[in-house]
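One is the number of the first residue; the rest follow in order along the sequence.
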Amino acid sequence: MKIHHIAIICSDYQVSKKFYTEILGLQILREVYRAERDSYKLDLGIGEHYVIELFSFPNPPPRPSRPESCGLRHLAFSVENVEEKRDELMKKGLVCEQIRVDEFTDRKFFFTQDPDALPLEFYEA
């Protein structure tokens, strides 16, 4: 078994589409507007590997993030170089936490967030 994809509901489709494609660099695999739901569905990939399904729906409730709530804690991406990725994202205007070291694996990581405050982790491969 393996993970097929992760679904994310956003509050502003155009803002999140730009974030995930232009800031994070995910590729658009397919984009569909579903008129009966007044909803977009955007399939995003890393290379050709399908990873995120980005949805828009009219007036979704905000996602509780702080204090942390039950459910998905964060989304983590594996990167070769944490320092380079953090510098790249900060140059694109993102606020990124300081780089930390995982006490169990001795790997570096940092957090930022998407436009709806979903925590995103970048973890050194």
Side-chain angles (χ1 to χ4, degrees):
M1 181 169 32
K2 62 183 179 178
I3 293 176
H4 186 266
H5 70 272
I6 296 160
I8 299 172
I9 297 173
C10 62
S11 63
D12 185 319
Y13 180 72
Q14 294 303 326
V15 168
S16 290
K17 177 182 177 182
K18 182 177 181 176
F19 175 82
Y20 281 97
T21 59
E22 295 179 24
I23 304 294
L24 294 189
L26 277 67
Q27 297 174 342
I28 296 173
L29 303 177
R30 178 179 35 229
E31 183 175 32
V32 177
Y33 178 71
R34 302 173 305 176
E36 72 281 359
R37 294 176 148 186
D38 189 22
S39 169
Y40 280 94
K41 178 182 178 288
L42 182 66
D43 297 338
L44 298 167
I46 297 174
E48 295 298 314
H49 182 72
Y50 175 47
V51 292
I52 293 179
E53 203 171 53
L54 183 66
F55 288 101
S56 70
F57 291 105
N59 305 310
R63 178 189 185 279
S65 184
R66 303 243 189 266
E68 292 179 2
S69 59
C70 288
L72 180 66
R73 162 77 172 81
H74 64 268
L75 180 58
F77 295 95
S78 177
V79 296
E80 292 297 318
N81 186 305
V82 165
E83 288 91 353
E84 286 179 9
K85 179 52 80 174
R86 184 174 181 272
D87 288 346
E88 172 192 328
L89 295 176
M90 290 180 69
K91 285 178 185 170
K92 292 179 177 181
L94 264 65
V95 174
C96 299
E97 292 182 358
Q98 293 297 316
I99 293 173
R100 296 183 267 165
V101 176
D102 185 311
E103 64 184 290
F104 299 107
T105 66
D106 207 31
R107 304 272 182 167
K108 293 184 248 180
F109 68 97
F110 70 92
F111 280 89
T112 188
Q113 61 185 21
D114 83 350
D116 289 304
L118 173 65
L120 302 175
E121 178 182 14
F122 292 85
Y123 197 90
E124 197 159 83

Checklist entry - Other than Tyr123, which residues form its hydrophobic cluster under the rule that side-chain heavy atoms must be closer than 4.5 Å? => result Phe109, Phe111

Checklist entry - How is the hydrophobic cluster of Phe55 composed, in terms of its other members, when Ile, Leu, Val, Met, Phe, Trp and Tyr link through side-chain heavy atoms under 4.5 Å apart, directly or indirectly? => result Ile9, Phe57

Item to check | Under the side-chain hydrogen bond (donor to acceptor under 3.5 Å, both in side chains) test, residues paired with Arg37 that sit two or more places apart | outcome: none

Item to check | Partners meeting side chain to side chain contact (heavy atoms under 4.5 Å, CB included) with Ala35 (sequence neighbours left out) | outcome: Tyr33

Side-chain atoms of residues 18-26: list all donor-acceptor pairs with protein atoms under 3.5 Å, sequence neighbours left out, distances to 0.1 Å.
from, atom 1, to, atom 2, distance (Å)
Tyr20, OH, Asp114, OD2, 2.7
Thr21, OG1, Lys17, O, 2.6

Next on the checklist: Give me each pair satisfying ring-ring contact (aromatic ring centres under 6.0 Å, His included) with a member in residues 86-105, each pair once, sequence neighbours excluded.
Outcome noted: none

Next on the checklist: Tell me the closest heavy-atom pair linking Ser56 and Ser39, and the distance in Å.
Outcome noted: O-OG, 2.5 Å

Next on the checklist: Tell me every residue that passes salt bridge (Lys or Arg N to Asp or Glu O under 4.0 Å) with Arg34, counting only those two or more places apart in sequence or in another chain.
Outcome noted: none

Item to check | Inter-residue atom distance Thr112.OG1 - Glu121.CD, 0.5 Å rounding | outcome: 12.0 Å

Item to check | Joint cluster assignment, Ile28 & Phe77, ILVMFWY side-chain distance < 4.5 Å | outcome: yes

Next on the checklist: So, using ring-ring contact (aromatic ring centres under 6.0 Å, His included) as the criterion, who are the partners of His4 when residues are at least two apart?
Outcome noted: Tyr50

Item to check | Gap separating the CD1 atom of Ile52 from the CD1 atom of Ile46, nearest 0.5 angstrom | outcome: 7.0 Å

Checklist entry - Given a cutoff of under 4.5 Å between side-chain heavy atoms of I, L, V, M, F, W and Y, with clusters grown through shared members, what are the other residues clustered with Val32? => result none

Checklist entry - Where do Ser11 and Pro60 come nearest, in terms of heavy atoms and distance? => result CA-CG, 4.1 Å

Checklist entry - How would you list, by chain and number, every residue that makes a side chain to side chain contact (heavy atoms under 4.5 Å, CB included) with Glu83, sequence neighbours excluded? => result Asn81, Ile99, Lys108, Glu124

Checklist entry - Passes side chain to side chain contact (heavy atoms under 4.5 Å, CB included), His74 versus Gln113? Steps please. => result CA-CA 9 Å; His74 64 268; Gln113 61 185 21; over 6 Å; no

Item to check | Nearest-0.5 Å distance, CG of residue Leu54 to OH of residue Tyr13 | outcome: 6.0 Å

Next on the checklist: Rounded to the nearest 0.5 Å, what separates atom CD1 in Ile8 from atom CG in Leu120?
Outcome noted: 7.0 Å

Checklist entry - Arg100: what forms a side-chain hydrogen bond (donor to acceptor under 3.5 Å, both in side chains) with it, not counting sequence neighbours? => result Glu97

Item to check | Heavy-atom pair of closest approach, residues Pro119 and Arg73 | outcome: CG-O, 3.6 Å

Next on the checklist: Taking the side chain as everything from C-beta on, heavy atoms only, tell me whether Val51 gets closer than 4.5 Å to Ile6.
Outcome noted: no

Checklist entry - Is a donor on one side and an acceptor on the other found under 3.5 Å between the side chain of Asp43 and the backbone of Leu29? => result no

Checklist outcome for this item: salt bridge (Lys or Arg N to Asp or Glu O under 4.0 Å) test vs Glu88 passes for just one of Lys91, Arg86, Lys92, namely Lys92

Next on the checklist: I'd like to check Cys10 versus Val15 (side-chain heavy atoms, cut-off strictly below 4.5 Å). Are they in contact?
Outcome noted: no

Checklist entry - Taking only residues two or more places apart in sequence or in another chain, which ones pass ring-ring contact (aromatic ring centres under 6.0 Å, His included) with Phe110? => result Phe122

